[in-house]
Engineer: 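Below you will find the structure I want to go over with you.
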Amino acid sequence: MTTIFDKILSGEMPCDEVFSDNKCLAFKDITPQAPTHILIIPRKPIPSLQDIKKEDQELLGHLLLKGTEIANDAGLESWRTIINTGEEAGQTVFHLHIHIIGGRKLSWPPG
Ligand code: 5GP
């Protein structure tokens with residue numbers, strides 16, 4: 001199934017790009033929930049964590065490492081890394097993505 005993130009990856013839809021390499025793309029969330037809200041997506045079309053395979057291990061590590069670099073580059077000392085998995089957990093776009101959210105005090109537990 002084609003998602004909005006596939007269209008961003010192909011250039012069909014614009015995004016406010018933060019970082020790009022041959023494995024992933026990072027861009028600002030269109031509806032930011034905090035002063036910094038960046039999404040990191042793999043170029044590989046994996047719908048969610050429910051679909052990851054052993055062969056994705058290196059890619060997943062790459063996404064997390066990039067998340068820390070991107071958070072540091074954004075000047076964050078504290079941030080939250082979120083991967084919503086499945087509709088009930090709040091996933092709305094079924095192309096795996098990591099949220100990097102920071103720049104304000106975040107409450108816990110989540111709603
Ligand atoms: P989810 O709810 O699936 O974990 O997160 C999807 C995120 O994608 C949401 O935070 C939403 O604001 C963001 N989003 C949805 N459509 C677009 C878009 O067209 N451009 C950007 N930059 N973000 C989007």
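Read the numbers this way: they start at 1 and go in the same order the structure lists the ligands and their atoms.
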Engineer: Which one holds for L39 and ligand 1: side chain close, backbone close, both close, or neither close, with close meaning a heavy atom under 4.0 Å?
Structural biologist: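 It is the side chain that touches ligand 1; the backbone stays farther off.
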Engineer: Around atom 19 (O) of ligand 1, find the nearest protein heavy atom and jot down its residue, atom name and distance.
Structural biologist: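 Here the closest protein heavy atom is I4 CG1, 3.5 Å.
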Engineer: Classify the side-chain pair S78/R104 by whether it contains a donor and acceptor separated by less than 3.5 Å.
Structural biologist: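 Distance-only check fails for S78 and R104.
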Engineer: Which residue and atom name correspond to the protein heavy atom nearest atom 22 (N) of ligand 1, and how close is it?
Structural biologist: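 The closest heavy atom on the protein side is K28 O, 2.9 Å.
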Engineer: Applying the 4.5 Å side-chain criterion to the ILVMFWY set and letting contacts propagate, would I98 and V93 be lumped into a single cluster?
Structural biologist: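 No, I98 does not connect to V93 through the hydrophobic network.
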Engineer: Return yes when H99 approaches ligand 1 closer than 4.0 angstrom through a heavy atom, no otherwise.
Structural biologist: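 The answer is yes, since H99 has a heavy atom less than 4.0 Å from ligand 1.
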Engineer: Using a 3.5 Å distance criterion without hydrogens, assess whether the side chain of N72 forms a donor-acceptor pair with backbone atoms of T68.
Structural biologist: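 Checked: pair present.
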Engineer: Please identify which of these residues, K66, R43, H62, meets the side-chain hydrogen bond (donor to acceptor under 3.5 Å, both in side chains) condition with D21.
Structural biologist: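 Exactly one candidate clears the test, H62.
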Engineer: Report whether L96 and F5 are members of the same hydrophobic cluster (ILVMFWY, side-chain heavy atoms less than 4.5 Å apart, transitive linking).
Structural biologist: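 Different clusters: L96 never reaches F5 through Ile, Leu, Val, Met, Phe, Trp or Tyr contacts under 4.5 Å.
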Engineer: Is there a heavy atom in C15 that sits closer than 4.0 Å to ligand 1?
Structural biologist: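 No, that is not the case, since the closest heavy atom of the residue is not under 4.0 Å from the ligand.
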Engineer: Under 4.0 Å from any heavy atom of T92, which atoms of ligand 1 are there?
Structural biologist: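 Here the atoms of ligand 1 in question are 1 (P), 2 (O), 3 (O), 5 (O), 6 (C).
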Engineer: Non-hydrogen atoms of H97 versus ligand 1: any pair closer than 4.0 Å?
Structural biologist: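 Contact present.
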Engineer: I need the L65 CG to I70 CD1 distance, nearest 0.5 Å.
Structural biologist: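 Rounded to the nearest 0.5 Å, the CG-CD1 separation comes out at 11.0 Å.
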Engineer: Run through L39, I38, I40 and flag the one making a side chain to side chain contact (heavy atoms under 4.5 Å, CB included) with F27.
Structural biologist: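 Among the candidates, only L39 passes.
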Engineer: In terms of side-chain heavy atoms, does H97 have a donor or acceptor partner in N84 at a distance below 3.5 Å?
Structural biologist: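 No, because no side-chain N or O of H97 sits under 3.5 Å from a partner of the opposite role on N84.
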Engineer: Please identify which atoms of ligand 1 are closer than 4.0 Å to at least one heavy atom of F27.
Structural biologist: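 So the atoms of ligand 1 that pass are 21 (C), 22 (N).
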Engineer: Does the residue F5 have a heavy-atom contact with ligand 1, meaning some pair of atoms that are separated by less than 4.0 Å?
Structural biologist: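 So F5 counts as touching ligand 1.
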Engineer: Hey, is ligand 1 close enough to G90 that some N/O pair sits below 3.5 Å?
Structural biologist: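 Checking ligand 1 against G90, an N or O pair does fall under 3.5 Å apart.
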Engineer: Starting from atom 23 (N) of ligand 1, locate the nearest protein heavy atom and write down its residue, its atom name and how far away it is, to 0.1 Å.
Structural biologist: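 Among all protein heavy atoms, the one nearest atom 23 (N) of ligand 1 is I30 N, 3.2 Å.
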Engineer: Closest by any non-hydrogen atom to atom 9 (C) of ligand 1: pick that one out of T31, I8, D29.
Structural biologist: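 Checking each option, the heavy atom nearest atom 9 (C) of ligand 1 is found in D29.
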